[in-house]
Number of protein chains: 2
Amino acid sequence: MMTLTQMRYFYEVCQWQNITKAAEHLHVSQPTISVAMQTLEAETGLNLFHREGRKLVVTPEGSKLLGKVNHILPQMDQLETEIQDMAHNRNHIRMALPLQIGTRFLPRILGEFRLAHPQIKLEIIETGGISALQMVEDEKLDIALTNYATGFSQKLCYQKLYDCECCFVTYPFHPLAKRKSVSFADFADEELVMLDSHFFIYRMVHDLYTAHSCKPRVIHFSPYLHTIKNLVESGICSTFLARQAVLPDENLVAVALEEPFYINSGIVTKKGRQVYEDEQQLIDYLQQITKDM
Amino acid sequence: MMTLTQMRYFYEVCQWQNITKAAEHLHVSQPTISVAMQTLEAETGLNLFHREGRKLVVTPEGSKLLGKVNHILPQMDQLETEIQDMAHNRNHIRMALPLQIGTRFLPRILGEFRLAHPQIKLEIIETGGISALQMVEDEKLDIALTNYATGFSQKLCYQKLYDCECCFVTYPFHPLAKRKSVSFADFADEELVMLDSHFFIYRMVHDLYTAHSCKPRVIHFSPYLHTIKNLVESGICSTFLARQAVLPDENLVAVALEEPFYINSGIVTKKGRQVYEDEQQLIDYLQQITKDM
DNA sequence: GTGCATTACGCGGCGCGTAAAGATC
DNA sequence: GATCTTTACGCGCCGCGTAATGCAC
């Protein structure tokens, strides 16, 4: 079987009618070409060259072969560049954004980043962390910027961006609203509305209560952050959220926990998958803007 | 650089959407394909496959690449077969025939052999052994069927066919014509006409006389066998020729030498050159017909 | 458990470079 | 002797197979 290397070598030797020149041009040693051409002749069973003194002349059948090679090599080169292009310009990225702090990222990503990289088509899915991870694993998504528990799946790659402090969030006239911080005993019996089990925050809260051998009094689960906030603002109950999820202009109070807990937030990709250049740019951007947070 | 093997593997895997099947079809082990595809993905920087459970699905960019591969692979296959054809059907053979016994071979080659292999175009050059060898070395000829001295050139391949007995050849009414054999003393002083120094016979005769510390009395050198025979038939002088060179219907007498010497006759090709199938057929034919001689 | 894919590991071959020899002008 | 090619030889890498492990149904 004639290899591509043989073809390239053969091509150059034919061009120069000189092995030394060909070797220099190919950045390999002269004997390499010499033996390669001998091997090629042996393998094809053709007399490709005619040695006259120390001059190499291509035989008729040599140039016939050269013709074919001249046809195939450019196609191979084109293939290479097309592969490069495909790998470098995969300008459609499907990304999950965390519901809680998505509101902070979303304007910057859709504004600043999109302006800087107009060729990149961003498809953003807002969903709970658990399902986001599942979608990345199923390759329904390219990237998830989300909360995660390390080791959720062996098939994922976790790249931490920041820690999310989890707070007790309530309405301004709640007894605990004025407190600087609250202990577990303070809020243990509070009625709660919680993001449902597709979200990491519920897992953490659940685990926290379990550690204290009791259960949270959740009166409602919702997959909608807006619903959660609405219920809390209405003074019906409280909740737990990441500090960043509570915006300044909202009628909510985020109170620190005396035993604080954190959710890892970061970029999750599927292990083994190629990270395309455009994806990498997005990741770099996210890393940069989270530095300031 | 994407190799041809990678392309073939990739193609098969895409066809079957299954590594095991592809491996069987390619007659390699399963892990071979598995790692090859991983390497391919890493090298191209593309996600070619999407693993769903134990099923392999080609991604959109995978099938894009497959498209290119589907275009190149058939060309490569065609190239291979064309190389095969070129090597097997090089139906133009340039061959030198020995002047002295060419007359015996020529009718059979141009008759019998040409009939049996009508596709082979034979170009036959009649010339002296020395120049024939030189022409083979210079690749002006493909084959020389000729007399030779082994080791004439390092660049030639010698394949012995038979020995040529050299005889003292004279006219019927010459004093030595009736002898069964002649010694060196018998013919040492004879006047001779000789094939010139392009022919091996002269070399041998020259060496014979030198061994006896004398010189042959050559009154004329000629490159034409016809001239030699003509002069001898005219009763002007004698010569030395291979026994086969003297035909029965000629008015010549070939007398054996008491100290006989022989010239190797055989097939000479250039070392390192490919021997094409058609050439091999001719060689086989020559070997066969010389067995009977 | 069965079928498929992946990982681990050792072997062999091949392409390469260096160095030396050979050939041609 | 200068230039170019070929031969000799040793090394490192890569593709391969076997065997073991991992996963999914």
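These figures come from a predicted structure and were not determined experimentally. Sequence lines set the chain letters: A, B, ... in the order given, protein chains first and strands last, and positions in each chain run from 1.
- With DNA chain C read from its 5' end, the first of the two nearest nucleotides for Q38(B) and S29(A) is the one closest to Q38(B).
- At least one side-chain nitrogen or oxygen of T20(B) sits closer than 4.0 Å to the OP1 or OP2 atom of dA5(C).
- Closest contact between the side chain of S34(B) and the listed nucleotides dT6(C), dT6(D), dG17(D) involves dT6(C).
- Residue I19(A) contributes atom CD1, which lies 13 Å from atom C1' of dT7(D) at whole-angstrom precision.
- In the displayed structure, H50(A) atom NE2 is contacted under 6.0 Å by more than 12 heavy atoms of other residues, nucleotides or ligands.
- Of the two residues near DNA chain C, K155(B) and R51(B), the one whose nearest nucleotide lies more 5' is R51(B).
- Ion pairing between E41(B) and R51(B) holds under the 4.0 Å rule for side-chain N and carboxylate O.
- For the pair T32(A) and dG15(C), the criterion of a side-chain N or O lying under 4.0 Å from OP1 or OP2 is not met.
- The 5' end of DNA chain D is approached more closely, in terms of each residue's nearest nucleotide, by K55(A) than by the other of P31(B) and K55(A).
- Aromatic ring pairs are classed by plane angle as parallel below 30°, tilted from 30° to 60° and perpendicular above 60°; the pair F105(B) and Y162(B) is parallel.
- The side chain of N18(A) places an N or O atom within less than 4.0 Å of a non-bridging phosphate oxygen (OP1 or OP2) of dT5(D).
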(message) The test is side-chain contact (heavy atoms from CB on, under 4.5 Å); show your working for Y158(A) and N264(A) and say whether it passes.
(response) CA-CA 10 Å; Y158(A) 308 95; N264(A) 285 325; over 6 Å; no
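- Residue Y9(A) is in sugar-phosphate contact alone, with no base atom involved, counting any heavy-atom pair closer than 4.0 Å across all strands shown.
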